[in-house]
Amino acid sequence: MKTPIQFLLNGEEVATFVESGANLLDTLREAVGDLSVKGGCWQGTCGTCTVLVDGSPRLSCLTLAESCAGRAIETTAGLRRGPDLHPLQSAFMERFAAQCGYCTPGMLMAAKALLDKNPNPTRENVVDAISGNVCRCTGYEPIINAVLDAAGGNSRRA
Amino acid sequence: MLEFRKDIFADERDDNLHEIGQPTQRQDMLGHVTGTSPYYDDHRFGNLLHLKILRSPHAHARIRSIDDSAAARAPGVKRIIRAADVPVNLNTLLSLIQFGKDDEPSLAADVVRYKGEPILGIVATSERAALEAMALVRISYDQLPAVFDVEEALKPGAPSVNATYPKNTFEYYNKYDHQKLRYGDVEAGFAQADVVFEDRYQMSPIEHAPTETNGSIAVPDTNGRFIVYTSTQALFFSLDTSAKINAVPSNQLHFIGGTVGGGFGGKVDTLTEPLSILAARLVGAPVRYRFSRHEEMQFGSPRGGERIYVKDGIMRDGRIIARSVRAYFDSGAYTRLSSYAVVKCAAHIPGPYTIPNVSGDVYCVFTNRTPATAMRGFGVTALDFALECQMDKGATAIGMDPLEYRILNAYRDGDMKAHRREAKNTALIECAQVAAEKANWPLREEFRRMSSRKGEGTARPGIAPDRSRAPAVPAPARAPAAAPQRISYERPTPAALPPRPAPPAPPPRSAPLPPATAPAGSTHGAPRFSSVFGTRRR
Amino acid sequence: MSVSVKTFPHLADAAGALSRERNARFLGGGTLVMRAVNEADPAIETIVRSTDPALTHIGLSSARVELGAGVTMAAILAERELSYLHPVARIIGGPAVREAATVGGNLFAPAPYGDFAAALLALDATVTLAGGFGQRELPLDELLSRRERGATLVASVAFRRPANDTFRFVKVTRVHPKGVSIMSISAQLPLASGRVSGARIAYGAMGPAPLRAKAAERALEGRTLDAAGVAPALAAAHEGTSPTDNALGSAWWRREILPVYLRRLLLGEQTARHA
Amino acid sequence: MAKHRGRGVATINYPIGMNLGGDPSQALVHSNPTGKFTVALSSIDLGQGMKSVTRQICAETLGVPVEDVYVDTADSDTGPHCMGSFASRGTHRVGNAVMVAAREARAVMMEAAAEELEVDPGDLETDGKGSIRVKGAPHRSISVRDVAIAAQFRQGKTISGRGIFLVPLSDVDPETGEMSPATCYAHACLIAEVEVDDETGDVAVLKMTSAYEIGRALNPRLVEQQLVGGAWMGMSHALYETPEPYYPDPREGPRDFNEYLMPGPGDICPHDIVVLERPAPDGPYGAKGPGEMCANPVLPAVANAIFNAVGVRINDLPITPEKVLRALKTRSGAQPARAR
């Protein structure tokens, strides 16, 4: 039984149909085609699928798609402004803060949620911001440093 | 924080290179930070079907009956796949290099040997429809006794886990139930030692837990072939395994790997491709088979738990003169890659130390749990844990600094290793000295001046250099075995390096194996690598 | 066939639907229900939701606090008046989970989850249920003891505002800064001239549901919060608990460390290893 | 009733490539008409940096800038065979195969350049910036772009190469275990500092200091990625993770990332790393590859540090607070060994 749903995705109006009861992760990837959102567990325990809903970080795998009607959703695909990278993206690059890259979209969204509300966070703030995001490759240190660099508006190498 | 000690071994290096040594940005980093790096699942199909697997709830049971009639009629279900549908329903991963006998079904036909073993597949229009149909399948089992402890599994009367290896151990060279290592005379060494002590170490299984679970999508393509988008770590390994199980020529399969969302060894076993291909062949539509996180966590193969006994004989002056290792690798219900890890472990005994008397006995043991496989450090990580804890105990037993104890016994260029090969290009001592300096861990002067290189630094007190070379038991003369496949390209001689000796002459070969192990005759044009471990049963 | 979703502007109608529909579950934040739906749990055929504004209302008077069942952990963290609950809300999950996890949902979280419910127990909270025929109020521990049975829909929880600095909380986890509870201890320790009077202590993950440590409360009555004063309470710390082995740790270990963390909480010793 | 600190050490080596060899990898390198190169592989990049390392090796061997090379991999129709990405074999095996292929392509390129400049190929050198010039007369040069065009459209030469690298499969003597496991070994020493709470058994890793010898650091940032990420995984193996918490009893297995314990971002500690480079005679530019070994020394170093802190030996992994507490209780409390 399909249900129509309409929401703002990275600033663009999007309308599609979903199986009722569908989660936002599957809706974004399979119905809308935003493949920048990745799924790691569908249990709400790894943070890989983190997106922003009305500016707040949400686990898209545990978010009922229908509950997002009319809301503004942000994903990694929307981070760039045209050719220019978001400061978080360039900081992640400079800090080599990704290896397999599968957790990176979720990390970027969790970090953006933090910086949008707290432009100069402490290291402890950053550690809390990504505490729901599992990374199996990097050991977290480069990711924390990248977010702190991006916050300082100077994604220079420390 | 990373720094380089370019001063050490500088004379062996040419550092004026252009691109080598540069902190060049990763080729794939822009894709990672923009969410555009292509993973196997980043493909969309209008008519994608989904394969879900019904798994055994029992660790060991005989399947008495299966009733999938209701499931076959459930809404959204396109096909039920049973063991009988699998063209070649018995395989072992290393059959590709003629190592070990086929022992594992893709779908269990009569007996299930671990909780989570695949029995039946359901192909449906959605994962939910497949799961709902799965709840309608009725299977009756006769539970069988199970064994979970590696040493219990070897005791007489223990339940037999793997039908191909009824005594619960992998067979090596058709002669032994384990891999042996014998160098010098450990009993003589223990008799002569001032202090002898043994301890038992137990690794835990380790789940790879990559953020992207195992998965693949098999897609019938235009010219009668199948494109397979896969998360594998070994493209052709998985392709050949899938071709064998599906009994199709290998070039009918076109494997496309993406960036892999973390592997760590957990995506070598070709866990999903054979069945996603089979499903796509049966329904003529694209089929995705991906592990749920629960499946990856409990039924995706972990690194097996290794149990290791280490016995050392040491002298008061710090020399280790005897070390014996007995290790049991928990292979789980089937062989997969554990048989290979056992040989790698044996090769690693006694660790990076020059010890004149060494023995090793390493078993690949079958138990009723999820089959184990490769994982970062496979076959070595567990042994390093055991050996380096043992080293600490040895130092403590004779009141010696643990780092000096290691430097004293460290292997050096020219020493003879237990697998009868000369140590070359060693650097354990320098690593110990540099780490100690960095962590201001005090080392006595003589230990700070020792060197891995021949004729440099202070000699090892008490260890006559020549004694460490000749093993107590003279190695029997060896005739060279069959020459390996000729290679027409010359060896890579890095242009910029100082001229180095001719490529290493093939190491002294062991005697040709007794005829029983010679392969029945190569089946392909070029001489396939001779099977050194066991015949490959057709 | 997919799950059907029914959304009600008024909570009472949602409660009615919950009791009428077959295999219906109320969707709070989704951390429990959406996970079950993703796993095609046959026990969920209908999702009942409500957009009733009362659900997310936070009522603050000088003496009483009322939290709608739909108030999220993030909303609590954003409310300065509830600073004593911030340590609890912060460690329920990462930022994304805190945006979803609700006060009402936490009351139904199976062990070892449910530390916010344990904190409410220590705050002597009462629960107001939404029903087809009006609302009903009952003590929280009564709800916790029969939460499995009926399709109960919680409208809100309420408690007396604790006096300043009388509410303390510690959650022991293996992973930092956010990990699943090995155990949590919430304590309300009102003092009368330096002596405890009317202590409330509640444990998370030390039984099938959050539970009150009544023996320890009694042992603290009239005592001073010093080593000697708390000794009897530590001795009675285990009463009523039934910890089990799980993937995070064993019952033996939980029992061994319970009195240690209770002592550190009562004496105000530094507990958390990390920030 | 206190927290105790201790330090522990471990020194290890690690065999590079599949045990016993017999694990070939192939590579194809070719130029497009304007002198940009593609490396065609089937080797898998699972985050360890396979594409990035082989790209640098190819550029170095060709003598062209890395920007003029791209690696295309993981397609069985276009990439030649590779055994797979495991056993720390990628850098060594695939890197060598790429060198062989790039060397063949370079030879054709230099011949084509020599024909254009009317000199002997032996008199030419690449400047690594996209030009080929006469040794000693740098003004006489030609761009790789022009060489490629000439080779393609006038000389009828294909600037391309094939490469395979195979360590011959070693036999194993069933009686003695004599074998050739690997042609080169990486080395490491790691010192871990821990703090143990003797009332709860809780272990915190405060600091790691290490020295790794990995032949040649082809890309220092990629080496750093492996050593930092590997140390975290080592801490996780040592103290946290297990799919069977009550092994060999298979009960209570974790089903998600909440139950599968791994150090969180709040559990990591500073790690000073020193890299040494003793080139492997048969490694591409001496490289050995740090991928698999970098977690290994952490496990025993942490276990030895715990002994130094509170005097108990835990031989079973993971070393959970419960195991530390049980050992302390049976050994009647912490007896720290002499401070190090």
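In this text, all values refer to a predicted model and were calculated from it rather than measured experimentally. Each chain gets a letter, A, B and so on, in the order its sequence line appears, and its residues count up from 1.
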**Request:** Please state whether the side chain, the backbone, both or neither of D/Lys207 comes within less than 4.5 Å of a heavy atom of chain B.
**Result:** neither
**Message:** Under a 3.5 Å distance rule, please check whether D/Arg103 uses its side chain to pair with a backbone N or O of D/Thr61 as donor and acceptor.
**Reply:** no
**Item:** Under 4.5 Å from any heavy atom of chain B - which part of D/Met208
**Value:** neither
**Prompt:** With a 4.5 angstrom heavy-atom cut-off, which part of B/Met391 approaches chain D: side chain, backbone, both or neither?
**Reply:** neither
**Prompt:** Within 45° of the six-membered ring axis of D/Phe307 and under 6.0 Å from that ring's centre, is NZ or CZ of D/Arg313 located there?
**Reply:** yes
**Prompt:** So what's closer than 4.5 Å to chain D heavy atoms on B/Ser231: side chain, backbone, both or neither?
**Reply:** neither
**Item:** Interface moiety of D/Leu227 toward chain B, non-hydrogen atoms closer than 4.5 Å
**Value:** side chain
**Message:** Using heavy-atom distances under 4.5 Å, tell me whether D/Tyr212 contacts chain B through its side chain, its backbone, both, or neither.
**Reply:** backbone
**Message:** Please classify the contact of D/Gln225 with chain B as side chain, backbone, both or neither, using a heavy-atom distance under 4.5 Å.
**Reply:** side chain
**Request:** Could you tell me whether the side chains of D/Asn315 and B/Asp199 share a donor-acceptor contact shorter than 3.5 Å?
**Result:** yes
**Asked** Is chain B contacted by the side chain of D/Ala97, its backbone, both, or neither, given a heavy-atom distance below 4.5 Å?
**Response** neither
**Message:** Please identify, among D/Ile273, D/Thr209, D/Leu222, D/Val298, the residue contributing the most non-hydrogen atom pairs under 4.5 Å to chain B.
**Reply:** D/Ile273
**Message:** Whether the D/Thr126 and D/Arg106 side chains hold a donor-acceptor pair (N or O, under 3.5 Å, no angle test) is what I'd like checked.
**Reply:** yes
**Request:** Ignoring hydrogens and angles, tell me if any N or O in the side chain of D/Ser76 forms a donor-acceptor pair with the backbone of B/Phe255 under 3.5 Å.
**Result:** yes
**Asked** Hey, do the aromatic rings of D/His187 and B/Tyr411 have their centres closer than 6.0 Å?
**Response** yes
**Asked** At a heavy-atom separation under 4.5 Å, does B/Val150 approach chain D through its side chain, its backbone, both, or neither?
**Response** side chain
**Asked** D/Val71 versus chain B, heavy atoms under 4.5 Å apart: side chain, backbone, both or neither?
**Response** both
**Over-ring placement of B/Lys180 relative to B/Tyr176, 6.0 Å and 45° cut-offs** = yes
**Interchain contact, D/Arg278 with chain B, by part (heavy-atom threshold 4.5 Å)** = both
**Request:** Pick one of side chain, backbone, both or neither for D/Ala217, based on which atoms fall under 4.5 Å of a heavy atom in chain B.
**Result:** both
**Message:** Under 3.5 Å, is there a donor on one side chain and an acceptor on the other for B/Gln27 and D/Ser52?
**Reply:** no
**D/Lys51 atom NZ: more than 12 heavy-atom contacts under 6.0 Å** = yes
**Request:** Can you tell which part of B/Leu239 gets under 4.5 Å to a heavy atom of chain D, answering side chain, backbone, both or neither?
**Result:** side chain
**Item:** Interface moiety of B/Lys393 toward chain D, non-hydrogen atoms closer than 4.5 Å
**Value:** both
**Item:** Segment of D/Met83 engaging chain B (4.5 angstrom heavy-atom cut-off)
**Value:** both
**Top contributor to chain D contacts, counting heavy-atom pairs under 4.5 Å, from B/Gln298, B/Arg182, B/Lys267, B/Lys6** = B/Gln298
